[in-house]
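Predicted model only: the values in this text are computed from it and were never measured. Along the sequence shown, the residues carry numbers beginning at 1.
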Amino acid sequence: MAKSDTHPFYDLHTHGFVRVATATPRVRTADIAYNAEGILEQARKAHERGVDLLLYPELCLSSYAIDDLHLQTALLETVERHLADIVEASRDLAPVLVIGAPLRRNGRIYNCAVAIARGKLLGVVPKSYLPNYREFYEKRWFSHGRECVGLEIEVNGDTVPFGTDLVFDADDLPGFTFGIEICEDFWSPNPPGTLAALAGATVLLNLSASNITIGKSDERHMLTRASSSRSVCAYAYSASGHGESTTDLAWDGQGMIYELGDLLVESVRFDHAPELCVADVDTKRILAERMRMQTWGDAADAAGRPEDWYRRVTFSHGHAPKDIGLERPIRRFPFVPNRQEKLDEDCYEAFNIQVDALMRRIEATRPKCLTIGISGGLDSTHALLVAAKAMDRLGRPRSDIRGYTMPGFATSEGTKSNAWKLMKAFGITAEEIDIKPTATLMLENIGHAFADGEPVYDVTFENVQAGLRTDYLFRLAGQHGGWVIGTGDLSELALGWCTYGVGDQMSHYGVNAGVPKTLIQYLIRWTTTTHQFDVGVDEVLLAILDTEISPELVPAGEDGSIQSTQSIIGPYELNDFFLHHVIRWGQSPSHVAFLAWHAWKDAEAGQWPIDFPEDAKNEYDLATIAKWLENFVKRFFGFSQFKRSALPNGPKVSAGGALSPRGDWRAPSDAVADLWLEDLRRNLPD
């Protein structure tokens with residue numbers, strides 16, 4: 001047993017993940033024995049890959065496109081006989097199998113989904129909606145199952161639940177609950193899978209035949225994505241592939257799995273060989289979203305509380321706890337746009353949310369000027385980009401932006417030079433105020449040791465500088481009839497990395513309050529690649545992007561090393577990852593650690609944001625992730641809420657969330673972080 005297998009942390013099931021797969025098995029028209037072996041072949045492969053739930057296409061045991069052969073007694077009896085063989089063979093297989101088969105009940109034939117686990121037939125769900133238009137003639141052979149509620153069916157001597165009122169629930173794996181609908185069901189205006197989700201199913205399965213025509217793949221994507229989003233669940237779809245009859249139709253074998261509107265995995269279409277399409281579904285994320293989204297609960301109540309009358313078919317999954325990896329795309333930068341075909345559109349949207357919000361505030365208050373502190377760092381640079389674009393669109397001169405660079409005891413020539421270059425490139429009204437004399441006087445007045453020549457660089461020393469800068473900006477704004485644009489970002493607010501009150505926590509309007517550091521870096525780079533401004537501006541922006549992130553409040557050491565923000569509070573790329581999963585999904589620290597470890601442990605694996613610099617592709621081991629996650633938890637839950645509770649106005653930008661007390665996040669300022677820290681200590685390996 002590998003070392004990682006010895007601790008439950010490394011087992012995905014510990015964190016509520018369920019490994020789901022769609023199968024496109026080898027089939028041959030009406031050859032039941034051949035099809036049964038194809039089904040078992042994929043089941044064995046799924047077993048080897050640690051799959052928990054395996055979905056097959058519609059009527060995969062009999063074949064779908066066999067027309068009146070569905071009415072042949074010999075075929076139906078053969079289906080039942082080989083179904084028994086599959087049930088028996090499943091005893092030694094871990095995955096729950098959901099296969100398609102025509103079954104008889106009380107003089108009718110139903111197009112059915114059959115759930116099988118560990119040598120047991122769990123139950124049968126009939127298709128609700130039978131297409132009988134254009135190329136489809138299902139009503140010629142099958143009866144619909146819409147009113148089949150509370151019934152049973154006998155299959156090979158076993159009497160099992162039968163109906164559309166079934167959800168299947170693992171009694172030894174919380175969150176592993178699935179419901180079923182079949183092909184046309186989710187093309188209907190009222191998909192039956194919705195009720196199954198409202199009854200508690202976290203995963204919906206769709207067994208489909210769905211012949212392929214031009215553009216139909218996009219339609220399936222649309223419906224699968226919409227179903228997973230609207231029903232707040234994971235949705236797996238498996239369509240018939242090569243081997244079905246091509247008398248009048250063709251098949252592409254499309255398989256895909258969505259979760260809450262996000263595509264996790266998609267199969268290769270028109271693949272001649274059988275195929276498994278595997279992804280790990282996060283049931284904790286799904287259940288947390290349902291708790292957060294009151295509309296989901298209201299819909300369940302309005303539908304008559306399906307959880308009260310749906311039949312819950314339980315089974316013991318009996319998985320063997322071990323490290324089987326994680327088959328799931330995890331975005332290292334969850335706040336950063338990652339869709340190649342939508343990249344420019346997403347960045348444009350993020351940037352212009354800020355620009356448009358600022359324009360509206362300018363129109364409402366009619367300031368004579370906008371006052372902004374320019375440090376030469378990322379945040380003030382991005383705030384200036386937003387302000388300049390807003391002024392351009394309002395037809396106002398950029399000289400109405402009053403930019404001030406205010407060097408302190410640790411300001412480097414590089415950042416001050418960048419600040420001046422930036423202000424000149426934009427053509428704003430630019431001034432410099434040296435805050436060192438005033439800061440020295442204040443330190444002297446309060447009796448601080450630095451005023452006596454001692455190198456004491458404590459929080460007071462830092463905050464005197466940060467506070468003075470903001471104080472100057474407010475007085476200057478008043479003097480010139482304007483107001484102060486806040487430059488602090490979402491990442492800093494999450495960590496409390498800002499000076500409270502008369503400091504960078506305060507402004508008249510915080511344009512960056514909804515934008516984390518990783519997104520700011522990306523948006524600045526986007527403005528250069530799309531030439532939102534002129535070449536002179538682009539050159540300065542690229543220089544600023546290459547500058548070490550620092551508050552520049554403590555003088556450089558004897559070796560010339562400057563104060564590094566990320567060495568104190570942790571890499572922003574990790575902190576933004578933690579922040580997204582905590583505020584958007586409410587995930588526990590140990591769950592976040594598991595995701596972060598899989599996202600960041602190997603720089604060569606997974607996807608990076610488009611055009612991400614090669615030399616910035618970092619990786620982190622679990623110990624490093626745990627160290628900075630503990631720091632994040634302490635700061636976010638136990639230290640910095642009082643700063644967020646007094647935030648000025650500012651626009652929400654990302655669906656990942658914001659921290660305004662009037663928006664996404666409401667929390668007490670006097671809470672403690674103990675239970676989150678305990679979760680880390682209890683659930684992570686030493």
Side-chain angles (χ1 to χ4, degrees), residues 373-380 404-419 431-476 484 486-489 491-507 547-572 575 627-628 630-632 634-636 638-646 669-670 672-673:
I374 305 296
S375 68
L378 291 170
D379 293 346
S380 63
Y404 297 88
T405 184
M406 292 175 276
F409 298 118
T411 302
S412 68
E413 282 303 314
T415 54
K416 189 172 82 167
S417 173
N418 282 339
E431 294 186 34
E432 181 175 320
I433 299 175
D434 186 350
I435 66 167
K436 292 191 290 294
T438 309
T440 301
L441 177 61
M442 180 176 285
L443 290 167
E444 183 180 307
N445 288 340
I446 66 175
H448 192 274
F450 179 81
D452 295 328
E454 296 183 35
V456 177
Y457 308 129
D458 56 8
V459 173
T460 301
F461 175 81
E462 293 183 301
N463 283 350
V464 161
Q465 298 172 77
L468 276 174
R469 286 174 175 142
T470 304
D471 202 353
Y472 270 118
L473 290 174
F474 270 92
R475 302 325 135 219
L476 288 162
V484 179
T487 60
D489 64 53
S491 306
E492 294 177 342
L493 292 171
L495 295 159
W497 190 250
C498 52
T499 301
Y500 182 73
V502 184
D504 53 331
Q505 177 260 355
M506 188 49 61
S507 66
T547 303
E548 170 74 34
I549 298 174
S550 171
E552 292 195 326
L553 295 173
V554 174
E558 293 182 3
D559 60 355
S561 60
I562 66 170
Q563 184 183 21
S564 170
T565 297
Q566 296 185 95
S567 68
I568 301 170
I569 60 174
Y572 275 117
N575 282 318
K627 169 190 172 182
W628 291 121
E630 181 177 2
N631 183 71
F632 174 88
K634 289 177 180 177
R635 298 188 69 98
F636 183 80
F639 164 70
S640 54
Q641 180 57 40
F642 76 99
K643 298 181 180 182
R644 298 190 290 266
S645 295
S669 296
D670 48 7
V672 295

Counting distance only, does the side-chain N/O of [X] pair as donor-acceptor with the main-chain N or O of [Y] below 3.5 Å?
| X | Y | value |
| --- | --- | --- |
| Glu462 | Val554 | no |
| Arg644 | Ala494 | yes |
| Arg469 | Gly373 | no |
| Asn631 | Gly570 | no |
| Gln465 | Ile435 | no |
| Lys416 | Pro407 | no |
| Gln505 | Ala646 | yes |

Report the residues that fulfil side chain to side chain donor-acceptor pair (under 3.5 Å) with [X], sequence neighbours left out, ordered by chain and then residue number.
| X | value |
| --- | --- |
| Thr470 | none |
| Ser375 | Ser380 |
| Thr405 | none |
| Ser417 | none |

Sequence neighbours left out, what passes ring-ring contact (aromatic ring centres under 6.0 Å, His included) with [X]? Give chain and number order.
| X | result |
| --- | --- |
| Phe642 | Tyr500 |
| Phe636 | Phe632, Trp665 |
| Tyr404 | none |

Nearest 0.5 Å, please: how far is [atom2] in [Y] from [atom1] in [X]?
| X | Y | atom1 | atom2 | answer |
| --- | --- | --- | --- | --- |
| Ile569 | Asn575 | CD1 | CG | 6.0 Å |
| Arg635 | Lys643 | CZ | NZ | 7.0 Å |
| Phe450 | Met442 | CZ | CE | 14.0 Å |
| Leu378 | Thr487 | CG | OG1 | 11.0 Å |

Check: [Y] and [X] side chains under 4.5 Å, non-hydrogen atoms:
| X | Y | answer |
| --- | --- | --- |
| Leu473 | Met406 | yes |
| Asp379 | Asp504 | no |
| Lys634 | Phe639 | no |

So which heavy atom on [X] is nearest to which on [Y], and how close?
| X | Y | result |
| --- | --- | --- |
| Ala673 | Gly638 | CB-N, 3.9 Å |
| Thr565 | Trp497 | CG2-NE1, 3.4 Å |
| Ser640 | Gly496 | CB-CA, 3.3 Å |

Q: For Asp458, check side chain to side chain contact (heavy atoms under 4.5 Å, CB included) against everything at least two apart and list the hits.
A: His448, Val456, Thr460, Phe461
Q) Cut-off 3.5 Å, side chains only: do Thr499 and Asn463 have a donor facing an acceptor? A) yes
Q.
Taking side-chain hydrogen bond (donor to acceptor under 3.5 Å, both in side chains) as the cut-off, I'd like each qualifying pair that reaches into residues 435-447, sequence neighbours left out, listed once.
A. Asp434-Lys436, Thr438-Tyr472
Q | Residues which pass salt bridge (Lys or Arg N to Asp or Glu O under 4.0 Å) with Asp489, listed by chain and number, not counting sequence neighbours | A | Lys517
**Q.** side-chain contact (heavy atoms from CB on, under 4.5 Å) between Phe409 and Val464, intermediate numbers included
**A.** CA-CA 11 Å; Phe409 298 118; Val464 161; 5.9 Å; no
